[in-house]
Amino acid sequence: MRILDRYIARTVASASLLAMLTLLALFFFVELVDELADLGTGNYGVAQILQYVLLIQPRRIYELFPLAALLGSIMGFGMLASNNELVAMRSAGVSLLRLIGSVMKVALWMMLAVLLIGEWIAPPAEQYAQASRATAQSAQITLKTQHGFWTRDGSSFINIRAILPGGQLRDVFIYEFDDQRRLRVATHAAQAHYEKDQWVLENVQQSYVSEQGVTTRQTERAGWASPLIPEMMSALSVKPENLSSWGLYKYIRYLRENRQNSQRYELAFWNKVFLPLVTGVMVFIAIPFVFGVLRSVGAGTRVLAGSLMGVGFHLFNQIFSNASLAYNLSPLFSAAFPALLFLLIALILVSSLYWRRA
């Protein structure tokens, strides 16, 4: 039976990989054409455009994984059905439940792959892509290092360690020099937000350097006039949906500590938690497509039906998520309901298929 499991896994995995590559090629072309509209903005050339589009592909893989898993499962099982291999397996005494178990083992590996890409590959690649794009298009952001973003404003050098969604800043360092390039004032703010055409620094500590020594001053809030604008900061930040679960959790905690609305980010967090389950559900729901009413149709019809199912789930998920924000529903319920609903539909279809064949 291990040979059978490996054979089914190889067939479904290779078909899913083919579906993913096809979808990626389509989206890559669309995104490349879209970015070419900004060609020549600042130092944003062809090389920078190609780098940006390539770096956002892990995020695209993460988003397309459930659809690719659904199409791959349908195509993989469809090939087995077209070659009468499923008939041979059933004739050899392999039950429907055994075949379902084999394909769900593949689903578990796909779920792990989604988790790996969504938590450790896509977020840093997305952040680097956005930072590189903004740096190339803008003359203000001059350097991106492991210690944040560096820029210059006259005789001052500014270091921003973290840019949160919404253009809020964390750990802002401002170093002011005199005409002889000697450090005169060093300012650190725990956080900053934009208010009335200027930045407002919070929990500020300043050190004044003079010939007599160093003096320090602390204040709760201070205004800061800077050429940096929120739109520029937003271009450098990663959307909540593209952060890792841990990054979202820390940001949600930060919003709660500051008594700000965190419902949108909680919804993004739970959507990331449930996406591996969605991938498993998409593989599971492919089974009725092959063994049920579509068992005798061609591969093209199966793929079309699977595409409609995948797009239908995506649209339903988006509509339900937006409705949950409008009606203030629980983010956990809003993220779980679409996946659980489609899982219930798949269970009903597979159960009816099993009892009909029994």
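Worth saying up front: this structure is predicted, and the values here are computed from it rather than measured.
The hydrophobic cluster containing Trp120 also contains Ile61, counting ILVMFWY residues as joined when their side-chain heavy atoms lie under 4.5 angstrom apart, directly or transitively. Residues Phe342 and Met104 share a hydrophobic cluster, clusters being chains of Ile/Leu/Val/Met/Phe/Trp/Tyr side chains in contact below 4.5 Å. Linking Ile, Leu, Val, Met, Phe, Trp and Tyr whenever their side-chain heavy atoms come within less than 4.5 Å puts Ile345 and Met309 in one cluster. One hydrophobic cluster, built from ILVMFWY side chains closer than 4.5 Å, holds both Leu96 and Val94. Residues Tyr62 and Leu108 do not share a hydrophobic cluster, clusters being chains of Ile/Leu/Val/Met/Phe/Trp/Tyr side chains in contact below 4.5 Å.
Gln206 and Tyr208 share a donor-acceptor pair across their side chains, judged by distance under 3.5 Å alone. Residues His193 and Glu195 have side chains that bring a donor and an acceptor to within less than 3.5 angstrom of each other. Side-chain contact of Gln48 with Asn43: a donor-acceptor pair under 3.5 Å is absent, judged by distance alone. Between the side chains of Tyr7 and Glu85, at least one donor N or O lies within less than 3.5 Å of an accepting N or O.
The minimum heavy-atom distance linking Trp199 with Ser226 is given by the pair CD1-CB, 4.0 Å. Of all heavy-atom pairs spanning Asp153 and Ala225, the tightest one is OD2-O, 4.4 Å. Nearest heavy atoms, Leu347 versus Ser351: O-OG, 2.7 Å. Scanning all heavy atoms of the two residues, the minimum distance from Ser321 to Ser324 falls at O-OG, 2.5 Å. Shortest non-hydrogen contact noted between Glu266 and Ser262 is OE2-OG, 2.6 Å.
The shortest distance between side-chain heavy atoms of Val106 and Ser102 does not fall below 4.5 Å. Contact check for Leu169 versus Leu201: no side-chain heavy atoms found under the 4.5 Å cut-off. Between Arg253 and Arg256, the closest side-chain pair of non-hydrogen atoms is not below 4.5 Å. With contacts defined as side-chain heavy-atom distances shorter than 4.5 Å, the pair Tyr175/Ser156 does not qualify. Between Phe65 and Met110 the shortest side-chain heavy-atom distance falls below 4.5 Å. With contacts defined as side-chain heavy-atom distances shorter than 4.5 Å, the pair Phe316/Phe337 qualifies. Looking only at side-chain heavy atoms (C-beta outward), Ile158 and Ile160 come within less than 4.5 Å of each other. Using a 4.5 Å cut-off on side-chain heavy atoms (C-beta onward), Val311 and Leu315 make contact.
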Verdict with supporting geometry, Phe320 and Phe333, side-chain contact (heavy atoms from CB on, under 4.5 Å): CA-CA 10 Å; Phe320 192 80; Phe333 171 76; 3.6 Å; yes
Kindly determine whether Leu86 and Asn84 satisfy side-chain contact (heavy atoms from CB on, under 4.5 Å), including the steps that lead there. CA-CA 5 Å; Leu86 289 180; Asn84 294 321; over 6 Å; no
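A salt bridge links Arg98 with Asp5; the closest basic N to acidic carboxylate O contact falls under 4.0 Å. Using a 4.0 Å cut-off between charged side-chain N and carboxylate O, Arg170 and Glu202 make no salt bridge. Contact check on Glu176 versus Arg184 returns no salt bridge, with no Lys/Arg side-chain nitrogen under 4.0 Å from an Asp/Glu carboxylate oxygen.
Atoms CD1 and CG, from Ile348 and Leu343 in turn, are 10.0 Å apart once rounded to the nearest 0.5 Å. Distance OG/Ser207 to CD/Gln205: 5.5 Å, rounded to 0.5 Å. Considering CG of Leu17 and CZ of Arg10, their distance stands at 14.0 Å, rounded to 0.5 Å. The line from CZ of Arg217 to OG1 of Thr187 is 8.5 Å long, rounded to the nearest 0.5 Å. Here the CG atom belonging to Leu332 is positioned 5.0 Å from the OG atom belonging to Ser330, to the nearest 0.5 angstrom.
At most 12 heavy atoms of other shown residues, nucleotides or ligands fall within 6.0 angstrom of atom NE2 in His314. Taking a 6.0 Å sphere around CZ of Arg182, one finds it holds more than 12 heavy atoms contributed by other residues, nucleotides or ligands.
Relative orientation of the Phe157 and Phe177 rings is perpendicular, given thresholds of 30° and 60° on the angle between their planes. A tilted orientation is assigned to the rings of His188 and Phe173, their planes being inclined by 30° to 60°.
Proximity of a side-chain donor or acceptor of Glu119 to a complementary backbone N or O of Ser245 within less than 3.5 Å is detected. One N or O on the side chain of Gln263 and one on the backbone of Leu329 form a donor-acceptor pair closer than 3.5 Å. In this structure, the side chain of Ser352 engages the main chain of Leu349 through a donor-acceptor pair within 3.5 Å.
The ring of Tyr265 has its center closer than 6.0 angstrom to the ring center of Tyr251.
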Would you be so kind as to tabulate the donor-acceptor pairs closer than 3.5 Å made by side chains of residues 268-285, with sequence neighbours excluded?
unit_1: Asn271; atom_1: ND2; unit_2: Leu267; atom_2: O; d: 3.2
unit_1: Lys272; atom_1: NZ; unit_2: Leu243; atom_2: O; d: 3.2
unit_1: Thr279; atom_1: OG1; unit_2: Leu275; atom_2: O; d: 3.2

Under 3.5 Å, which donor-acceptor pairs link side chains of residues 23-39 to any protein atom two or more places apart or in another chain?
unit_1: Glu31; atom_1: OE1; unit_2: Gln57; atom_2: NE2; d: 3.1
unit_1: Glu31; atom_1: OE2; unit_2: Arg60; atom_2: NE; d: 2.8
unit_1: Glu31; atom_1: OE2; unit_2: Arg60; atom_2: NH2; d: 2.3
unit_1: Glu35; atom_1: OE1; unit_2: Tyr44; atom_2: OH; d: 2.7
unit_1: Glu35; atom_1: OE1; unit_2: Arg133; atom_2: NE; d: 2.9
unit_1: Glu35; atom_1: OE1; unit_2: Arg133; atom_2: NH2; d: 3.4
unit_1: Asp38; atom_1: OD2; unit_2: Arg133; atom_2: NH2; d: 3.0

Ignoring hydrogens and angles, write down the donor-acceptor pairs under 3.5 Å from the side chains of residues 66-80, residues two or more places apart or on other chains.
unit_1: Ser73; atom_1: OG; unit_2: Ala69; atom_2: O; d: 2.7

